[in-house]
Amino acid sequence: CHLSCSNPAGLVDGLSKAKASSVTFHMEALGNDVVAAAALAARIRSLGMRAGVALKPGTPEEIVFPLLDASPSAVDMVLCLTV
């Protein structure tokens with residue numbers, strides 16, 4: 001599931017109960033906060049789903065580098081949106 005909303009964390013439990021296999025959320029919805037993104041990704045993974053982050057056009061891709069540099073990587077996918 002690709003969530004384009006202001007509070008993706010509020011939907012994670014319901015998606016898990018609905019048997020979603022993955023959840024992708026926007027970095028911008030978390031104020032581009034890498035620590036919050038890593039925590040949300042960890043919560044998603046703890047529920048047995050894959051975690052992805054999406055970047056809107058204009059958001060520098062470097063914002064997700066710390067998530068990818070973690071060992072193991074904090075996310076399973078990065079989705080770069082285009083216009």
Side-chain angles (χ1 to χ4, degrees):
C1 296
H2 172 173
L3 303 178
S4 186
C5 63
S6 60
N7 182 21
L11 300 173
V12 170
D13 289 334
L15 291 169
S16 175
K17 289 177 186 171
K19 306 291 185 202
S21 60
S22 68
V23 176
T24 300
F25 58 89
H26 284 258
M27 285 294 295
E28 299 84 1
L30 302 177
N32 292 331
D33 182 338
V34 174
V35 174
L40 181 53
R43 181 166 164 231
I44 291 167
R45 285 178 160 178
S46 76
L47 294 170
M49 299 177 285
R50 292 184 309 275
V53 293
L55 300 176
K56 292 180 180 178
T59 300
E61 64 272 6
E62 293 87 1
I63 195 77
V64 299
F65 288 178
L67 298 173
L68 301 173
D69 288 341
S71 182
S73 176
V75 295
D76 300 296
M77 179 186 76
V78 177
L79 174 63
C80 297
L81 301 171
T82 61
V83 177

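What you see below is based on every heavy atom in this structure, not just the backbone, and it leaves out hydrogens, waters and symmetry mates.
For residues 4-28, the ring pair (Phe, Tyr, Trp, His ring centres under 6.0 Å) pairs, not counting sequence neighbours, are H2-H26. For residues 70-83, every residue pair satisfying the side-chain hydrogen bond (donor to acceptor under 3.5 Å, both in side chains) rule, not counting sequence neighbours, is listed here: R45-D76. The ring pair (Phe, Tyr, Trp, His ring centres under 6.0 Å) contacts involving residues 27-83 comprise nothing, where partners must be two or more places apart or lie in separate chains.
For the pair N32 and I63, the tightest heavy-atom approach, listed with the atom from each and the gap, is O-CD1, 3.6 Å. The nearest pair of heavy atoms linking P8 to L30 is CG-CD2, 4.3 Å.
In this structure T59 satisfies the side-chain hydrogen bond (donor to acceptor under 3.5 Å, both in side chains) test together with E28, sequence neighbours excluded. Every residue two or more places apart in sequence or in another chain was checked for a salt bridge (charged side-chain N to carboxylate O under 4.0 Å, His left out) with R50, and none qualifies.
Hydrophobic cluster of L81: the remaining members, joined at side-chain heavy-atom separations below 4.5 Å, are M77, L79, listed by chain and number.
Between atom CG of residue L40 and atom CG of residue L3 there is a gap of 8.5 Å, rounded to the nearest 0.5 Å.
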Contacts under 3.5 angstrom, residues 11-22 side chains, donor-acceptor by atom type, not counting sequence neighbours:
unit_1: D13; atom_1: OD1; unit_2: R43; atom_2: NH2; d: 3.1
unit_1: D13; atom_1: OD2; unit_2: R43; atom_2: NH2; d: 3.0

